[in-house]
Protein chains: 2
Amino acid sequence: MDTELLKGTLSLLILSLLSRKAMYGYQIAATVHADTDGAFQWREGSLYPALHKLEQAKLIAGEWEDTDAGRKRRYYRLTAKGRAALTEKTAAWAELCRAVNRVLEVSNGPA
Amino acid sequence: MDTELLKGTLSLLILSLLSRKAMYGYQIAATVHADTDGAFQWREGSLYPALHKLEQAKLIAGEWEDTDAGRKRRYYRLTAKGRAALTEKTAAWAELCRAVNRVLEVSNGPA
DNA sequence: TCCGATACATCGAATATCTATGTATATCCG
DNA sequence: CGGATATACATAGATATTCGATGTATCGGA
């Protein structure tokens with residue numbers, strides 16, 4: 001799939017996933033992969049920097065947690081600011097879809 | 001509007017617009033701006049390099065034409081290869097929309 | 001006559017994502 | 001018991017796209 005189109009959807013989807021419940025990085029990647037039947041295959045090199053950036057912007061908040069197995073996980077939850085950003089980004093996404101689809105439809109001949 | 005989301009849609013929309021008829025750069029920008037009620041506002045600095053890149057990839061073919069006013073325009077038309085790319089990119093776009101919307105819907109609670 | 005619209009172009013900057021690589025532990029299988 | 005795989009995080013460098021600024025030139029209207 002044309003990876004260029006994916007740009008910008010990463011932060012939107014992370015925020016959306018975290019609106020369900022607090023999750024850690026690896027879990028986020030697995031969830032989006034499952035939810036979209038593999039349409040999204042985020043690499044760690046994309047995901048973790050994105051999480052750090054969202055945390056720096058205070059849209060999400062992370063907290064270390066020890067599992068019983070001694071492995072550390074960093075759980076992220078959505079902040080109030082993040083929830084607002086999610087609303088905004090969702091609206092922008094909807095508008096983008098409408099705009100693009102309008103152009104494609106006009107090109108294909110008005111229904 | 002969050003400009004990050006726009007990435008990758010530029011070439012898709014250019015190809016789509018040119019599938020209607022041959023157009024020149026300025027006209028492409030004006031058309032997409034009108035068709036989307038201003039949702040897309042491409043700068044010349046984005047559009048012209050994109051056109052050059054598509055031409056280099058032989059997805060579109062350009063030809064200089066003189067207007068009666070002495071101004072030169074470069075008309076671009078879709079090549080066969082470009083038409084194939086358009087089909088491909090349109091499918092990728094549809095899949096992206098489906099995938100993103102699926103995640104958003106699951107987050108908002110299954111209808 | 002001057003300004004804005006038309007019409008093209010290029011360069012550098014900003015930004016996001018990918019690839020590759022690294023660390024460490026737990027678990028499964030032979 | 002040893003090795004491969006999955007879990008779980010992280011960073012650094014490369015790549016690519018788009019934006020902003022700037023430049024050239026012509027034409028029409030105020």
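Naming convention: chains lettered A, B, ... in sequence-line order (proteins, then strands); numbering from 1 in each chain. Bear in mind that the values here come from a model prediction, so they are computed numbers and not experimental data.
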Could you check how far [atom1] of [X] sits from [atom2] of [N], rounded to whole Å?
X	N	atom1	atom2	answer
A:Arg74	C:dT23	CZ	C1'	18 Å
A:Leu47	C:dC18	CG	C1'	13 Å
B:Ile14	D:dT17	CD1	C1'	12 Å
A:Leu51	D:dA8	CG	P	14 Å
B:Leu6	C:dA16	CG	C1'	14 Å
B:Ile28	C:dA7	CD1	P	12 Å

Hey, what are the protein-to-nucleotides 11-14 of chain D N/O distances that come in under 3.5 Å?
| unit_1 | atom_1 | unit_2 | atom_2 | d |
| --- | --- | --- | --- | --- |
| D:dT11 | OP2 | A:His52 | ND1 | 3.4 |

Sequence neighbours left out, cut at 3.5 Å: what donor-acceptor pairs do the side chains of residues 44-54 of chain B make with other protein atoms?
| unit_1 | atom_1 | unit_2 | atom_2 | d |
| --- | --- | --- | --- | --- |
| B:His52 | ND1 | B:Tyr48 | O | 3.3 |

Whether [X] contacts [N] is assessed here as follows: a side-chain N or O lying under 4.0 Å from the phosphate OP1 or OP2. Is that the case?
X	N	answer
B:Arg73	C:dA7	yes
A:Tyr24	D:dA8	yes
A:Arg43	C:dT19	yes
A:Lys7	C:dT15	no

Pair B:Asp37-A:Arg98, salt bridge (charged side-chain N to carboxylate O under 4.0 Å, His left out): steps then yes or no = CA-CA 11 Å; B:Asp37 293 324; A:Arg98 269 199 307 277; over 6 Å; no
inquiry  = Checking A:Arg77 now: which residues fulfil side-chain hydrogen bond (donor to acceptor under 3.5 Å, both in side chains) with it, not counting sequence neighbours?
reply    =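 Listed in chain order: nothing, the list is empty.
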request  = Given side-chain contact (heavy atoms from CB on, under 4.5 Å), test A:Glu65 with A:Tyr75 step by step and report yes or no.
outcome  = CA-CA 7 Å; A:Glu65 205 162 311; A:Tyr75 276 87; 3.7 Å; yes
inquiry  = One thing to verify: whether B:Arg74 and B:Glu55 come together as a salt bridge, which I'm taking to mean a side-chain N less than 4.0 angstrom from a carboxylate O.
reply    =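 Salt bridge flag = yes for B:Arg74 with B:Glu55.
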